[in-house]
Amino acid sequence: MTMELDVFVGNTTIMDEEVYQLWLDGYTVNDAVKVRMDGGVMEECEASADVLLSDTMDQYRTFQMCERLLHSPSKLGNQLLFQIPPHRQAMLIERYYTFDDGFVREVLGKKLSKGTKKDLDDIGAKTGVTLKSCRRQFDNFKRVFKVVEELKGPLVENIQHHFLLSDKLARDYAAIVFFANNRFETGKRKLQYLTFQDFAFCAGQLISNWTVGAVDNMVEDMDVDLDKEFLQDLKELKVLITDKDLLDQHKSLVSSALRGKTNNFNEMETNFKNLSRGLVNIAAKLTNAKDVRDFFIDLVEKFIEPCRSDRWSAADVRLYLTHYNSSAHQLDTFKHQVVWNRYMDVVKSCIFKMYHD
């Protein structure tokens, strides 16, 4: 008696996305098995505990073997050891480089060095992220930083090109690199209400407008270092607060524009000079590295807190800053409009993003 059989042979590497996530999250094999059992996988697949353990161990081995390729994602598509479809490769890379917002918030602005790495135990305990996952995320930040810090061209594009990340994730990594390079202070108590996404948005504004790359997109460190010439020019804005006539004219123009449009008009008029001094002094001091690091704490202390104490709404802040910015263009003797726009466009955007509970 003869039998006909259809045989199909394939060598596509089988990867379970749920198990991959458990591996990324730092679960041990036994803990991962327990999570899978609790999720009902044994009933779904009609598998025994031994088979589930064996499958989990096998997948963990595969992920560990793939990890060195994930450190240089372009190698994943060029190797022959693992037959992984392109869409699956993209998933592996994206998830490997994804990070916990709570974790990155703790290391944002800190030096990506051994000193910070020693603190990962404490950060893990505080954020509820396993130590293994903390190390993976920290090493990813460090790896991306080292690869792109000296490259010419736009920072986000460089990250996407070398690490094959989505646009959103590449922009988040650009923020991390930018903060690590400039060492912005993010850990003070007054800044704790701000999320990583608040800072990432502000980083995007600074990169697009205040770096050397905002002027010339093919210089080295173009999106990492602030434009020193621009920071020097910001000192010229002090005339807005040192020239009494200009200060009074500016106040009068802003008051005229705001009258009848807000219930906080009296507070806005009364505090105009203090708020203007605060914003202009922040600009004038940005030539000093320490004052660059304190940029966000200065915005909170010099502008956001005074507005909060007078119970300004977010709409009030938007109204005030819009007219504060535009009114300067009506000052005949003020000759630094281009620098003013470049400064205030970023400051307005950052304050709008940061002004929340």
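Heavy atoms only: backbone and side chains are in, while hydrogens, waters and symmetry mates are out. Note that this is a predicted model, so its numbers are computed, not measured. For the single chain, residues carry numbers from 1 onward in sequence order.
Tyr96 and Glu67 share a side-chain donor-acceptor pair at under 3.5 Å. Between the side chains of Asn341 and Gln337, no donor-acceptor pair of N or O atoms lies under 3.5 Å.
The shortest distance between side-chain heavy atoms of Asp316 and Cys307 does not fall below 4.5 Å. Side chains of Thr56 and Leu22 form no contact here, defined as non-hydrogen atoms less than 4.5 Å apart. Contact annotation: the side chain of Asn281 approaches that of Lys238 to within less than 4.5 Å [non-hydrogen atoms, C-beta and beyond]. Residues Leu240 and Leu331 meet the side-chain proximity criterion, which asks for heavy atoms closer than 4.5 Å. With contacts defined as side-chain heavy-atom distances shorter than 4.5 Å, the pair Asn325/Val347 does not qualify. The closest side-chain heavy-atom distance from Leu253 to Ser256 is not below 4.5 Å. The shortest distance between side-chain heavy atoms of Asn182 and Phe295 does not fall below 4.5 Å. Looking only at side-chain heavy atoms (C-beta outward), His336 and Asp233 stay at 4.5 Å or farther from each other.
The distance from the CD1 atom of Ile297 to the CZ atom of Phe184 is 13.5 Å, given to the nearest 0.5 Å. Note that the CG atom of Leu108 and the CZ atom of Arg183 stand 12.0 Å from one another [nearest 0.5 Å]. Atoms CZ and CG, on Arg259 and Asn266 in that order, are 9.5 Å from each other to the nearest 0.5 Å. Taken to the nearest 0.5 Å, the OG atom of Ser48 stands 8.0 Å off from the CG atom of Leu52. Here Tyr173 contributes atom OH and Phe163 contributes atom CZ; the two are 8.5 Å apart, rounded to the nearest 0.5 Å.
Closest heavy-atom contact between Ile207 and Ala174: CD1-O, 4.1 Å. The minimum heavy-atom distance between Thr130 and Asp25, with the atom names listed, is OG1-O, 2.7 Å. Minimum interatomic distance between Gln205 and Ser349 (heavy atoms only, all atoms of both residues): OE1-OG, 3.4 Å. The two residues Ala328 and Trp340 come nearest to each other via the heavy atoms CB-NE1, 3.3 Å. Closest of all the heavy-atom pairs between Cys202 and Phe296 is CB-CE2, 3.6 Å.
Side chain of Glu18 to backbone of Arg36: no donor-acceptor contact under 3.5 angstrom is found. Under a 3.5 Å cut-off, the side chain of Asn181 and the backbone N or O of Val224 do form a donor-acceptor pair. The backbone N or O of Gly187 sits less than 3.5 Å from a side-chain atom of Glu185, completing a donor-acceptor pair. The main-chain N or O of Asn209 is found under 3.5 Å from a side-chain atom of Arg342 such that the two form a donor-acceptor pair. Distance alone, capped at 3.5 Å, is enough to place a donor-acceptor pair between the Gln83 side chain and the Leu80 backbone.
By the side chain to side chain donor-acceptor pair (under 3.5 Å) test, Asn140 pairs with Arg143, sequence neighbours left out. With sequence neighbours left out, Asp248 forms a side-chain contact (heavy atoms from CB on, under 4.5 Å) with Lys244, Lys273. Listed by chain and residue number, Trp210 satisfy the ring-ring contact (aromatic ring centres under 6.0 Å, His included) test with Tyr343 (two or more places apart in sequence, or in another chain). Residues meeting the side-chain contact (heavy atoms from CB on, under 4.5 Å) test with Asp121, sequence neighbours left out: Leu131.
Taking the ring centre of Tyr20 as origin, the terminal cationic atom of Arg95 falls outside the region bounded by 6.0 Å and 45° from the ring axis. Remark: Lys353 is positioned above the aromatic ring of Phe201, its terminal NZ or CZ atom under 6.0 angstrom from the ring centre and at most 45 degrees off the axis.
Counting only residues at least two apart or on different chains, the side-chain hydrogen bond (donor to acceptor under 3.5 Å, both in side chains) pairs with a member in residues 100-117 are Asp100-Gln137, Glu106-Lys126, Lys117-Asp139. Within the structure, every pair that satisfies the salt bridge (Lys or Arg N to Asp or Glu O under 4.0 Å) test and touches residues 80-91, not counting sequence neighbours, is listed here: Glu17-Arg88.
Cluster membership for Phe99 and Val156, using ILVMFWY side-chain heavy atoms within less than 4.5 angstrom, is not shared. Ile93 is connected to Leu81 through a chain of hydrophobic side-chain contacts under 4.5 Å among Ile, Leu, Val, Met, Phe, Trp and Tyr, so both are in one cluster. In this structure, Met57 is a member of the same hydrophobic cluster as Val19, with clusters built from ILVMFWY side-chain heavy atoms closer than 4.5 Å. A continuous path of ILVMFWY side-chain contacts below 4.5 Å connects Val104 to Leu155, so both sit in one hydrophobic cluster. Hydrophobic clustering (side-chain heavy atoms under 4.5 Å, transitive across Ile, Leu, Val, Met, Phe, Trp, Tyr) groups Met65 together with Leu69.
Exactly one of Asp172, Leu165, Leu164 qualifies for a side-chain contact (heavy atoms from CB on, under 4.5 Å) with Ile159. That residue is Leu165.
In this pair, Tyr193 and His356 present their aromatic rings perpendicular. The plane angle is above 60°, beyond the 30 to 60° band. A tilted orientation is assigned to the rings of Tyr60 and Phe63, their planes being inclined by 30° to 60°.
Proximity of the aromatic rings of Tyr324 and Phe272 is defined here by a centroid distance below 6.0 angstrom, and this criterion is met. Outside the 6.0 Å centre-distance limit, the rings of Phe265 and Trp312 are not counted as a close aromatic pair. Taking the six-membered ring for Trp and the full ring otherwise, His250 and Phe334 have centroids separated by 6.0 Å or more.
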| said: Would Phe82 and Gln79 count as a side chain to side chain contact (heavy atoms under 4.5 Å, CB included) here? Give the steps. | reply: CA-CA 7 Å; Phe82 303 102; Gln79 52 78 42; 3.7 Å; yes
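The pair Lys251-Glu269 does not count as a salt bridge, with every side-chain nitrogen at least 4.0 angstrom from each carboxylate oxygen. Electrostatic pairing of Glu305 and Lys190 counts as a salt bridge here, judged by a charged N lying under 4.0 Å from a carboxylate O.
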